[in-house]
Amino acid sequence: MQWEVVIGLEIHAQLATQSKIFSGAAIAYGAEPNTQACAVDLGLPGVLPVLNAEAVRMAVKFGLATGCEIGQRSIFARKNYFYPDLPKGYQISQHDLPIVGRGALEIELEDGSIKIVGITRAHLEEDAGKSLHEDFAGLTGIDLNRAGTPLLEIVSEPDMRSAKEAVAYMRKIHALVQYLEICDGNMQEGSFRCDANVSVRPKGQHAFGTRAEIKNLNSFRYIERAINFEVERQIDVIEGGGTIVQETRLYDPDKHETRSMRSKEEAFDYRYFPDPDLLPVVIEDSFIEAVRATLPELPAAKKQRFEQDYGLKGDEAAILTGSRELASYFETVVQASGGEAKLAANWVTSELLGALNRDGKELGDSPVSAEMLALMIKRIVDNTISGKIAKQVFAAMWAGEGDADTIIAAKGLKQVTDTGFIEKIIDEVLANSPTQVADYKAGKEKMLGYLVGQIMKASQGKANPAQVNQLLKQKL
Amino acid sequence: MSLERSDVERIAHLARLEVAEKDISEYARNLSNIFGLVAQLEAVDTDGVKPMAHPFDAVQRLRADEVTESNQRDHFQQIAPKVADGLYLVPKVLD
């Protein structure tokens, strides 16, 4: 039987605020346990949660960027369950009236086609604390620093049909929240993670199959592997005559499998009700317009502009607009080099990204600044160095040996355009290569390349290749 | 609608309440009465009435995004039954 996979994602993006969503405690990552957990976060009696304005602004910003409806009247609700990482006995979340309503996002698939994935809603909620199960002689250690951290939970429609589509959607949201500067996107620290709802159905069937929810996927690789594993598991169960149980499953990357989280099964009855501690949130039109005015150019618009204004190819433009930081680096190089967009795109996507990747560095830590790269490109354009020598210059800049001019001078890399000097080298090479010259004259065209190579080598790469070609042909 | 004993047991479990065996039928009766009241309310024509999320006719005040709390861990942990390495210790919970 042919099976169709149906996937919906719930993405949790930690909002990049200074303080918690309902309290004035800090949310700095990596602090000593419980040093950022105040009375509100601990759920002590008599405390009152007060909503963080910045969290509201960030949620609205996301809604506007994705063309979602903005819930101008929005309600916080209590989601009740007992777990020691949430000492109140409930999580403050949103249920009936979320802050962000329906919208959609375009994703680009591997074959270049566009697919629209519906966004059901995005709501504000607080994160829970962390449980540490080791080292406490049969007890569990609880760190409540993370309790109360603002999250935007972005819920998609069950529109994705493969693990790859799910990853493409997640990447798109990941890039977007960073563009909007509402989330740092750090997946290792858990600032951006997702749960996947996965089901299968016979191809052509309209009704959805029973779904399983895979929890806490915090890398693009894991989400793809976890979904693919889960799809195979479900198909095996059904084809073996069994039925799928609606349940929560946890992905174990070490064993590469998903397994049932039995303890959560009973907890599905969350008994939501409006939180009496929080009044309805009303968002005025003026607030929305003020947020709209702060929207940056979004990735899709930027990509289109890069293609049109700089004449870049689609894939180059996609790479360069992958993050706001990289796009801005590229545009600085273009400007400072006097508009050399194609060379800039080339050097940024190949040499710069290659070196960053090789050394595991972030763009912010690059030893070669945009201005330094621009100067080097100027030296290619004004024929001071060839593209080949430029690679040496780049490597030296990367190693911290100074800017392009300093390195060219120090290493004597200036390209030679003196005809007399080049001719002298050509004569020497020709005299030393009688066989190759004879072959060339007998019609072996490719011997020209060999001879050019020898000449460039003899000039230590400093001869201008165009000049060498021209002079060599004259002499032959 | 009237509640069975099993409903009361389930609600009590979800709320982590211990209910004495002999009290269950009385709770079931009392809770069923509340359901009766709700049923009466539901019979009222509420077309065009916006659902109320809060009894006050007011909107939520927002606070500025500033860190205003300092570390008071030692103070809070004085009332905790058990702590270690800055963590609150609780009976083991595992998935």
Side-chain angles (χ1 to χ4, degrees), chain A residues 17-20 23-27 31-42 44 50-56 73 75-77 80-84 87 89 96-97 131-133 135-136 138-144 250 261-264 266-267 269 271 274 276 278-282, chain B residues 3-4 6-19 31 34-35 38 41-42 46 49-95:
Chain A
T17 55
Q18 299 299 312
S19 63
K20 292 193 175 172
S23 82
I27 59 167
E32 284 291 303
N34 293 307
T35 55
Q36 297 180 157
C38 72
V40 173
D41 311 324
L42 296 176
L44 293 182
V50 185
L51 182 58
N52 185 335
E54 193 61 11
V56 173
R73 185 167 177 276
I75 305 291
F76 281 93
N80 297 281
Y81 65 92
F82 285 95
Y83 206 74
D96 286 336
L97 295 170
S131 316
L132 293 106
H133 298 294
D135 301 336
F136 301 102
L139 296 171
T140 293
I142 304 291
D143 175 7
L144 294 167
L250 194 69
M261 293 170 74
R262 285 172 210 292
S263 65
K264 292 255 172 175
E266 268 204 328
D269 191 349
R271 294 154 294 142
L278 289 151
L279 291 157
V281 179
V282 171
Chain B
L3 291 177
E4 304 291 326
S6 58
D7 295 320
V8 175
E9 281 164 3
R10 179 172 155 74
I11 294 165
H13 175 70
L14 283 169
R16 299 297 187 275
L17 293 174
E18 195 178 12
V19 178
L31 287 169
I34 294 174
F35 272 105
V38 172
L41 288 172
E42 274 185 337
T46 54
V49 179
K50 252 209 234 163
M52 184 180 74
H54 202 281
F56 294 164
D57 185 18
V59 299
Q60 177 63 36
R61 183 178 72 82
L62 305 181
R63 46 167 266 273
D65 180 26
E66 284 161 8
V67 176
T68 53
E69 296 285 345
S70 54
N71 172 20
Q72 295 190 67
R73 183 175 73 184
D74 293 345
H75 183 55
F76 291 135
Q77 292 199 334
Q78 277 174 13
I79 56 166
K82 228 171 184 165
V83 295
D85 303 342
L87 299 164
Y88 293 90
L89 296 187
V90 299
K92 192 138 202 154
V93 277
L94 260 185
D95 279 317

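Below, chain A is the first sequence line, B the second, and so on; all start at residue 1.
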Nearest 0.5 angstrom please: A:F136 CZ to B:K82 NZ, how far? 12.0 Å

Checking heavy atoms, do the side chain of A:A55, its backbone, both or neither come under 4.5 Å from chain B? neither

For A:D143 and B:L87, indicate whether the former's side chain and the latter's backbone hold a donor-acceptor pair under 3.5 Å. no

Check each atom of A:L44 against the heavy atoms of chain B and say whether the ones under 4.5 Å are side chain, backbone, both or neither. side chain

Please examine the side chains of A:E54 and B:L62, heavy atoms only from C-beta on, and report whether any two atoms are closer than 4.5 Å. no

From CA spacing to verdict: side chain to side chain contact (heavy atoms under 4.5 Å, CB included), B:E69, A:K20: CA-CA 10 Å; B:E69 296 285 345; A:K20 292 193 175 172; over 6 Å; no

A:L139, A:N52, A:V281: which one forms the most heavy-atom pairs within less than 4.5 Å of chain B? A:N52

B:R63 side chain vs A:S23 backbone, donor-acceptor pair below 3.5 Å: yes

Donor-acceptor contact present, side-chain B:R73 to main-chain A:A37, <3.5 Å: no

Kindly indicate, with the supporting measurements, whether the criterion side chain to side chain contact (heavy atoms under 4.5 Å, CB included) is fulfilled by B:R10 and A:D269. CA-CA 10 Å; B:R10 179 172 155 74; A:D269 191 349; 3.2 Å; yes

Given side chains that start at C-beta, do those of A:N34 and B:F76 come closer than 4.5 Å, heavy atoms only? no

Which atoms of B:D85 are under 4.5 Å from chain A, going by heavy atoms: the side chain, the backbone, both sets, or neither? both

More than 12 heavy atoms of other residues, nucleotides or ligands under 6.0 Å from CD of A:E32: is that the case? no

Max heavy-atom pair count under 4.5 Å with chain A, selected residue of B:D65, B:V67, B:T68, B:N71: B:D65

Partner chain B: residue of A:L97, A:T17, A:V282, A:V40 with the largest heavy-atom pair count (under 4.5 Å): A:T17

Residue part contacting chain A, namely of B:P51, when any heavy atom lies under 4.5 Å: backbone

Roughly how far, to the nearest 0.5 Å, is CZ of B:R16 from CG of A:N80? 11.0 Å

Can you say whether A:L51 sits under 4.5 Å from chain B via the side chain, the backbone, both, or neither, judging by heavy atoms? both

Heavy-atom closest contact (B:H54 atom, A:L278 atom, distance): CD2-O, 3.7 Å

What residue, out of A:P274, A:P280, A:A77, A:A26, has the most heavy-atom pairs lying under 4.5 Å from chain B? A:P280

Examine whether an atom of A:Q18 lies under 4.5 Å from a heavy atom of chain B, and if so say whether it belongs to the side chain, the backbone or both; otherwise answer neither. both

